[in-house]
Amino acid sequence: MNLRRARMDIANLLKRCRSGDELAWEALVRTYQSRVYGIAYYYTGNAEEARDLAQDIFIKIYNRLDACTNDATFVPWMIRLARNACIDRLRRTKARPPAAGIPVEEMFDLKAPGPDPAEQYGIDSRKQLVHRALQKMSQINREIILLKEIQGLSLEEVASLLKIPLGTVKSRSNRARIELAREIMSITNGAIEGFNG
Amino acid sequence: MKMDCSRFEHLLDSLLGGGLTKQEESDAREHTMQCARCRELLEIARGDLDILPGDVQEGLTASILESTSGSTCNRVESVLCDYVDSNLGEEQSELVSLHIDHCDRCSALAAVLSAISVDLSAMAEIEPDENFVQDVMTATVYRPTLWMKLNDRFSLWWSKQIRRPRFAIELAYTGAVILFLVFGAPNAPLRGVSPKVVDIAQSNPAEAVVELWENNRDAPGAVAEFGRTAWGNTGTPLANKSKGVWFWVVDKEERLGACLGVFGRSVKVIAGDLWNGDWFVAWEKWGVMNESLVRTWRDPKGAESKLNKETEP
């Protein structure tokens, strides 16, 4: 898959998008599709749903580009929007669980196009291990890991997003990493070949 | 004076601390040269020799800590992330490092933390399928226009219609009705066409057209005459009526515009009087305004408001 992305700086790209430049919008989508899809996947755990959700997120971004007034904070703004969309979707799914009893002949249509993200880690067993361990963590710790360690948001941005004090984020962040490391060690039963320094 | 082992052991701490006289120091040195045990003791006391077995060392440390401050693993765990991220001060980092070197559990934890720091940042992006961008563009920039939506809906409706089993029958029936109306009904426009034309059309459409033209050469003229007559009977009165309606609309618009102008100017003056507390004057001017509006409606170009004359500077 061609992973070439826009080299233009984000401020110029956004300016062009706001003025209606379709090529600039396509470049923006290509630049951030992986991150948005990654976020959606980590919240939903399902490739098909993550794809739909990622598409909805980009539609929201497209319709609300003018709401992002500071180009320097576009990425945190985008992640905030993505997170809110994911949480809304999870709440709706919880309120109305999907109907059971899907006919077998329709099941082949349910799989999302493209490889399952977990399969992408097939070669890299360490990432697969980390992914498995993440699924076992508590929700709040998993979210902090996702936002801070994976998506690279600062402590202040995470605190603002989760609406918790900065000090709490810092201490929770450390605890979350420790919890993740323990989960990995628990999965491997202490045989952490490849993780030893 | 010759020194014995007991005296040497007694003076050992002073020997290390530099608290002996020159004679005592000399005697102590001489003794260590002769006594291997005391020499070893001096080396141990200086830290130059470590005789504690490794397997005993860890256990001894652990039992000492247990009896004093307690295990330090929890303390190390609380700063382990900062240690891995190199955010600790030099001294603190060294202390943690010393603990990790002698604690398998914390060492393993530190190793995993260090490794996942790299893995996590690389997991930020997961590539979706190759059609994702196109789908997003379709849903955003390439949104269908109203015409396209209608066209799509019509296409969808039509494709459903032609799949109905009765569609062929209904189409045949409709076609038959049309043919009857065109050829078979008493007033059908092509009733007079020669049946031979049909035969010729099957073999030679060009000849059929020519014969049709020959037989109906006067038809265009008749149609044109019919059109002129129809227009004369209906079109002209209709056009005149339309023109009348148009003039009516324009006239009413003119009157209304003039009245609105009078009303706007009057209200401004009356409002000023009300603001100044001249209620009676405002009431009088209200009456004048009503009269002016009636005059203006009747004669928008000629009538002038009495009120306007009073308010003109």
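Values in this document were obtained by computation on a predicted structure and should not be read as measured data.
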* To do: Check whether A:K170 gets within reach of chain B through its side chain, its backbone, both or neither, counting any heavy atom under 4.5 Å.
  => side chain
* Asked: What distance separates B:L120 CG from A:L180 CG, expressed to the nearest 0.5 Å?
  -> 6.0 Å
* Contact class of A:D56 relative to chain B, heavy atoms under 4.5 angstrom -> neither
* Asked: Taking the side chain from A:Q151 and the backbone from B:A124, do they hold a donor-acceptor pair closer than 3.5 Å?
  -> yes
* Structure fact -> Of all heavy-atom pairs linking A:E22 and B:M137, the shortest is O-CE, 3.7 Å
* **Under 4.5 Å from any heavy atom of chain B - which part of A:A50** => neither
* Structure fact -> Between the CG atom in A:N174 and the CG atom in B:L113, the distance rounded to the nearest 0.5 Å is 9.0 Å
* In terms of heavy-atom contacts, does CZ of A:R18 have more than 12 from other residues, nucleotides or ligands at under 6.0 Å? -> yes
* Asked: Do other residues, nucleotides or ligands put more than 12 heavy atoms under 6.0 Å from B:E94 CD?
  -> no
* **Within 6.0 Å of CZ in B:F263, more than 12 heavy atoms from elsewhere** => no
* Distance (rounded to the nearest 0.5 Å) between A:R177 CZ and B:L109 CG -> 10.5 Å
* So which heavy atom on B:T140 is nearest to which on A:F58, and how close? -> CG2-O, 4.5 Å
* Measure B:V79 against the heavy atoms of chain A and call it side chain, backbone, both or neither at under 4.5 Å. => neither
* For B:D13, does the CG atom have more than 12 heavy-atom neighbours from other residues, nucleotides or ligands under 6.0 Å away? -> yes
* To do: Count the heavy atoms of every other residue, nucleotide or ligand shown that sit under 6.0 Å from CZ of B:R164, and state whether that count exceeds 12.
  => yes
* Flag yes if more than 12 heavy atoms outside B:R39 fall under 6.0 Å of its CZ atom; otherwise flag no. => yes
* Which residue out of A:E26, A:Q55, A:R175 racks up the most heavy-atom pairs below 4.5 Å with chain B? -> A:Q55
* How close do A:A54 and B:F132 get, heavy atom to heavy atom, and via which atoms? -> CB-CZ, 3.6 Å
* To do: Would you give the length of the straight line joining atom CD1 of B:I126 to atom CD1 of A:I39, rounded to the nearest 0.5 angstrom?
  => 10.0 Å
* Value rounded to 0.5 Å, distance of CD in A:E149 from OG in B:S121 -> 9.0 Å
* Could you tell me whether A:R35 and B:E127 have a side-chain N and a carboxylate O separated by less than 4.0 Å? => no
* B:S114 versus chain A, the contacting section by heavy-atom distance below 4.5 Å -> neither
* Could you tell me which portion of A:L146 (side chain, backbone, both or neither) has an atom closer than 4.5 angstrom to a non-hydrogen atom of chain B? => neither
* Are more than 12 heavy atoms from other residues, nucleotides or ligands located less than 6.0 Å from atom NZ of B:K252? -> yes
* Please name the pair of heavy atoms, one in B:I116 and one in A:A181, separated by the smallest distance, quoted to 0.1 Å. => CD1-N, 4.4 Å
* To do: With side chain to side chain contact (heavy atoms under 4.5 Å, CB included) as the test, would you mind laying out the steps for B:V136 and A:Y62 before giving the verdict?
  => CA-CA 10 Å; B:V136 169; A:Y62 181 77; over 6 Å; no
* Shortest non-hydrogen separation from B:E77 to A:R182 and the atoms involved -> OE1-NH2, 2.5 Å
* Before giving the answer on side chain to side chain contact (heavy atoms under 4.5 Å, CB included), spell out for A:Y37 and B:E125 the whole-Å C-alpha distance, their side-chain angles and the decisive distance to 0.1 Å. => CA-CA 7 Å; A:Y37 181 70; B:E125 299 185 338; over 6 Å; no
* Counting heavy atoms not belonging to B:Y173, are there more than 12 under 6.0 Å from its OH? -> no
* Mind checking the CZ-CG spacing from A:R51 to B:D129? Nearest 0.5 Å is all I need. => 4.0 Å
